[in-house]
Peer 1: 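Just passing along the structure, written as structure tokens.
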Amino acid sequence: MRIMQDIKTQIKEGITLHTINSNKFKTNLFAMFLTTDLNEENVTKNALISLLLRRGTATIPTQDELSKKLEEMYGGSFDCGLDKIGNNQVFKFYIETINDEFIPQSDEQMWKEAMKLMLEIVLNPYNENNAFSQEYFDQEKNTLKQLIEGRKDNKAQYALNRCIEEMYKGEPFGLFKYGNVEDIQKIDNKELYEHYKNLIQNCKIDIFVSGSIPQRNDIEELIKNDGNIQKLQEREAKYSPVIIEEKKNTQNDEKIVEESMEVTQGKLVLGLDINIDDEEEKYNAVVYNAILGGSANSKMFQNVREKAHLAYVASSSYMRHKDTIFINSGIEISNYEKALKIIKEQIKDMENGEFTDTDLKEAKKVITEGIKTIYDEQDSQIVYYFGQEVSKAQDVNIEEYMKKIENVTKEDVVKLAKAVKIDTIYFLKN
Amino acid sequence: MQVIENLKVKEKVYIEKLENGLTVMIIPKKDIQKKYVIWGTKYGSNESTFVVPGETEPIEVPKGVAHFLEHKMFEQENGTNSLDVLTSLGVNANAYTTNDHTAYLFEGIDNFYEALDELMDYVQHPYFTDENVEKEKGIIGQEIMMYDDYPEWRVYLNTLEAMYHEHPVKLDITGTIETISHIDKDVLYKCYNTFYNPSNMVMVVCGDFVPEDLLKEIKKRLVDKKANGEIKRIYPEEPETIVKERIEQKMQVSIPLYTIGIKVKPLQEDEKVKNHLAISILLDLIFGKSSELYRKLYDAGIIYGTPSQDFEFAKEYAHIILTGQANDPEKVYEEFKKTVANYKENGIKQEDFERIKKSLYGNYVKEYDDVADTARMFLADSFKGINSFDYLEEIDTINLEYIEQILKDVFKEDKMVISIVRN
């Protein structure tokens, strides 16, 4: 097995370059993540910035010129988005280009162009008199409004987001990653530009390069000499490292939220809190989740779908950064009570240790097989290493991760099950 | 085995047609740990009227049988479910049904041959009972209802309804709750025996393999079955005209969804790949990220992104699909038509054409990065009678003149429809 490695280089304090070298891919993937505190005051502003940065740079001022440039790079693709990781808001930028090896006239060095372009997009946006272009600003405010209102379109996703919102009311993680419509109108263009400049001078910056890259030194050299990077100061990055939080809700009441919308199928989401205090227990939670609802062999799939025929989707997922599990299912609206009862039974069964050694073994296999695919996926590599980067448990490599999963015992899972509590039950019906 | 090499992406495909009629394609991938196998039958939702080999009279089965079969194949006589077995082997197993084929697959790193045992066993051994067929109606019913809540799916299906008078491509792949209520085990066996014959099937494997060794392993796992004769598939006569230009449905959405459809004459056998490439280039030129039309509509606040584009075709039909969200879908449609007319009249700039061609080339190269993408592409293309490498080769042969010709032949105003979903 080829060992995959994330080699880290500090460009400046708070700015890290990660290179993951491999020559088995057709493409090179470049990524840049800006990590900053998630809070109500800035969430909407940051969302707007993320949209504005796509519009153009000081040297490539329009979106169609930017698109043309990428097309010339043999269909280079640029992508950007926002993510919530723990109590952080993360700006994500990606450029993917084919390897120089597959370019017909191969005197081009596309990795250089791609890297420079990414730095230019993130760090040198098109601006007029110390503000974003007023035209772009007005248009993107409108786009952001649509994005926020559009979250009702995918009903299953909406139900999950609403459950998160209810469960984390009043906390950063309860905020929607694009913010809220009311705050958009309050944003002033000049102030926003000021906020942006502040952001890039103070946030945590991680740059990733994955693929068959020439020499790490060459990349490092290029970045260090890039004018946009030179403008940046050393910083003690302002963000929230992911730590295990104390769960505040210790009473036994479940919060039940029902909402009506035009749906044919009801969407039932349960938010479960896990009360742990040790980083190592997270591996127990990963295994717990796999048995409960992480695969086709799981309790959810087998009992809600295969035995009771109540749903097509019946699964659970573990949010590592918040120690929360969400159970998802799409059911006939009249079957609400029935489905909820079966789901609760599954949770109870876990607590009573009602699962076999085979269940445990198979769950671990599902997890480790999933982990191994990271070797073959450039984006997953980056996401994995970034997850390590922002969490307290830094630098658990993939082999160690798998070993930790292997070591989880039935007792560990039962102990964890006892620390699981239903916090919120959310039901979307008509 | 026949070996075809492509020097552009530096990949090879090994092809063998076995005595029982099964086609096996192997694409070796060095250093990649993931292995992907997909086994498909040329049988999708479009086939509901056909003549069983050896018989003379056509039969008609309820809509949704191909998809129903896909669900039921996993159930085994010994009470196990193959999806569970594969999952416990640590591989990621799945199946899907399209308009023209059904496929069973898994992706995994370890236990490949154990998993191949199970895959080849369950696909070759159906087990249907009255009871297990009835049970599945509940699950599929929920799947149908789930799709009913997806505006993206509704706006797409409505487009097909506006384009097609008769052809079953316009129907939902799953069938409806009504049509699946008529499915019983006899129908399932009938369709299974007709379409799951090796001569109607293709297996594609992608991963780090020695092709000859893998082929032996596959052969070992085949049950003794002879190739059957040709299955006569009967499709209703489809006029070239569209049904209606506009179709609209009300659903709760934040902004309207639209799909522009263009009905295209069935493609000539030897022009399929070139047509497909030319249409992709044209769609990018007309409504891609760097297009004038996109910029104009974005600046006017009518759209917030480029529409996703698709060109779908089989032997007896072809159509273009453009889907997106817009505040004013009618305006998008009107401007789209104007842009097409404008290009027809004034021609396309050489530099724009060359740039888009480069970009398309890169996108085809990217398809070879992932074992799953590669295998699925080879399978789907093979059922259309295409070797996927042809796209990389033929892209060089396309010139501006050809593009302009296709623009005139394909982008006809009387073949366009617009489907809208809004509040």
Side-chain angles (χ1 to χ4, degrees), chain A residues 1-2 24-27 62-64 67-68 70-76 96-98 101-102 104 135 139 142-143 146-147 149-156 261-265 295-297 302 305-306 309-313 330-332 358 362 365-366 368-370 372-373 375-378, chain B residues 8-10 29-34 81 83-84 86-93 107-110 135 138-140 142-143 145-146 148-151 251-255 257 284 288-292 294-295 298-299 301 304 325 327 355-356 358-363 365-366 368-371:
Chain A
M1 187 184 295
R2 186 178 292 238
K24 64 183 180 185
F25 299 109
K26 299 270 184 268
T27 53
T62 67
Q63 219 172 353
D64 42 324
S67 300
K68 283 179 182 165
L70 287 158
E71 284 165 357
E72 283 292 352
M73 293 163 75
Y74 291 88
E96 189 187 38
T97 60
I98 57 173
E101 199 187 334
F102 304 103
E135 187 194 346
Q139 285 170 351
N142 199 15
T143 306
Q146 291 303 341
L147 263 176
E149 287 169 351
R151 74 184 192 130
K152 286 189 177 169
D153 293 346
N154 182 330
K155 303 292 186 284
M261 221 183 233
E262 267 176 51
V263 285
T264 342
Q265 188 186 54
S295 78
N297 284 358
Q302 288 300 323
R305 174 173 155 144
E306 295 296 310
H309 321 315
L310 289 176
Y312 174 73
V313 173
I331 53 168
E332 191 109 30
T358 315
E362 287 176 357
K365 199 173 283 163
V366 168
T368 48
E369 287 290 314
K372 281 187 202 163
T373 62
Y375 291 112
D376 293 338
E377 295 166 357
Q378 289 172 292
Chain B
K8 292 190 166 126
V9 281
K10 304 191 168 114
K29 277 271 188 189
K30 240 185 145 29
D31 287 340
I32 299 279
Q33 301 189 65
K34 276 201 281 189
N81 182 305
L83 188 60
D84 302 347
L86 288 165
T87 306
S88 39
L89 285 168
V91 302
N92 215 331
E107 177 177 86
I109 290 175
D110 298 329
K135 172 206 106 170
I139 295 174
I140 295 178
Q142 284 307 313
E143 189 181 0
M145 285 168 81
M146 177 179 83
D148 280 344
D149 279 342
Y150 288 153
M251 268 178 109
Q252 208 177 356
V253 285
S254 61
I255 46 172
L257 266 78
D284 265 341
K289 275 217 154 114
S290 63
S291 67
E292 180 67 27
Y294 171 60
R295 195 190 54 75
Y298 190 98
D299 286 351
Y304 302 97
Q325 289 183 302
N327 287 318
R355 195 184 64 244
I356 300 287
K358 260 182 164 180
S359 163
L360 188 65
Y361 169 80
N363 287 330
V365 172
K366 286 182 200 166
Y368 291 85
D369 227 353
D370 181 65
V371 290

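First the proteins, then the strands, lettered A, B, ... as listed; each starts at 1.
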Peer 1: Taking A:Glu362, A:Lys26, A:Glu96, A:Glu135 one by one, which has the highest count of heavy-atom pairs under 4.5 Å against chain B?
Peer 2: A:Lys26
Peer 1: Sort A:Ala311 into side chain, backbone, both or neither according to what part of it lies under 4.5 angstrom from a heavy atom of chain B.
Peer 2: backbone
Peer 1: Please classify the contact between B:Ile356 and chain A as side chain, backbone, both or neither, with a heavy-atom cut-off of under 4.5 Å.
Peer 2: side chain
Peer 1: Go through the atoms of B:Leu89 and report whether side chain, backbone, both or neither lie under 4.5 Å from a heavy atom of chain A.
Peer 2: backbone
Peer 1: Measuring heavy-atom distances to chain A, does B:Tyr368 have an atom under 4.5 Å in its side chain, in its backbone, in both, or in neither?
Peer 2: both
Peer 1: Starting at CG of B:Asp284, measure out to OH of B:Tyr294 and round the result to the nearest 0.5 Å.
Peer 2: 13.0 Å
Peer 1: In Å, rounded to the nearest 0.5 Å, how long is the span from CE of A:Met73 to NZ of B:Lys358?
Peer 2: 10.5 Å
Peer 1: Please flag which part of B:Asn327 lies under 4.5 Å from any non-hydrogen atom of chain A: side chain, backbone, both or neither.
Peer 2: side chain
Peer 1: If you apply the rule salt bridge (charged side-chain N to carboxylate O under 4.0 Å, His left out), what do you find for A:Lys372 with A:Glu369, and how did you get there?
Peer 2: CA-CA 5 Å; A:Lys372 281 187 202 163; A:Glu369 287 290 314; 3.6 Å; yes
Peer 1: Considering only heavy atoms and a distance below 4.5 Å, find which of A:Leu70, A:Asn154, A:Leu147, A:Thr373 pairs most often with chain B.
Peer 2: A:Thr373
Peer 1: Going by atom types only, do B:Tyr304 and A:Gln146 share a side-chain donor-acceptor pair under 3.5 Å?
Peer 2: yes
Peer 1: When rounded to the nearest 0.5 angstrom, what distance separates CD1 in B:Ile32 from CZ in A:Phe25?
Peer 2: 5.5 Å
Peer 1: Quick check on A:Gln139 against chain B: is it the side chain, the backbone, both or neither that has a heavy atom closer than 4.5 Å?
Peer 2: side chain
Peer 1: If I measure from the heavy atoms of chain A, does B:Glu292 come under 4.5 Å with its side chain, its backbone, both, or neither?
Peer 2: neither
Peer 1: Specify which of A:Lys155, A:Arg151, A:Lys152, A:Glu306 makes the most heavy-atom pairs with chain B at under 4.5 Å.
Peer 2: A:Glu306
Peer 1: Under 4.5 Å from any heavy atom of chain B, what part of A:Leu310 do you find: side chain, backbone, both or neither?
Peer 2: backbone
Peer 1: Which region of A:Gln302, side chain (C-beta onward) or backbone (N, CA, C, O), has a non-hydrogen atom less than 4.5 Å from a non-hydrogen atom of chain B, or is it both or neither?
Peer 2: side chain
Peer 1: Please flag which part of A:Gln378 lies under 4.5 Å from any non-hydrogen atom of chain B: side chain, backbone, both or neither.
Peer 2: side chain
Peer 1: What residue in A:Asn297, A:Asp64, A:Thr97, A:Thr143 has the most heavy-atom pairs under 4.5 Å with chain B?
Peer 2: A:Asn297
Peer 1: Who among B:Gly362, B:Gly288, B:Ser254, B:Gly301 has the most heavy-atom pairs with chain A under 4.5 Å?
Peer 2: B:Ser254
Peer 1: Is a side-chain N or O of B:Asp149 found less than 3.5 angstrom from the main chain of A:Thr264, in a donor-acceptor match?
Peer 2: yes
Peer 1: In sequence, state the C-alpha distance, the side-chain angles, and the governing distance for A:Lys365 and B:Asp110, and then conclude on salt bridge (charged side-chain N to carboxylate O under 4.0 Å, His left out).
Peer 2: CA-CA 10 Å; A:Lys365 199 173 283 163; B:Asp110 298 329; over 6 Å; no
Peer 1: What option among B:Asn363, B:Val9, B:Leu83 has the most heavy-atom pairs under 4.5 Å with chain A?
Peer 2: B:Val9
Peer 1: Using non-hydrogen atoms only, which part of B:Asp299 is less than 4.5 Å away from chain A: side chain, backbone, both, or neither?
Peer 2: both
Peer 1: Taking all atoms of both residues into account, what is the closest heavy-atom pair of A:Ser295 and B:Thr87, and its distance?
Peer 2: OG-CG2, 3.7 Å
Peer 1: Please tell me if the side chains of A:Glu377 and B:Lys34 come closer than 4.5 Å, counting only heavy atoms from C-beta onward.
Peer 2: yes
Peer 1: Which value, rounded to the nearest 0.5 Å, describes the distance between B:Met251 atom CE and B:Asp148 atom CG?
Peer 2: 7.5 Å
Peer 1: Between atom CD of A:Gln265 and atom OH of A:Tyr312, what is the distance when rounded to the nearest 0.5 Å?
Peer 2: 11.0 Å
Peer 1: Specify which of B:Lys289, B:Lys8, B:Lys135 makes the most heavy-atom pairs with chain A at under 4.5 Å.
Peer 2: B:Lys135
Peer 1: Is it the side chain or the backbone of A:Ile331 that comes within 4.5 Å of chain B heavy atoms, both, or neither?
Peer 2: backbone
Peer 1: Could you pull out all residues at least two apart from A:Lys68 that satisfy side chain to side chain contact (heavy atoms under 4.5 Å, CB included)?
Peer 2: A:Glu71, B:Ser290, B:Arg355
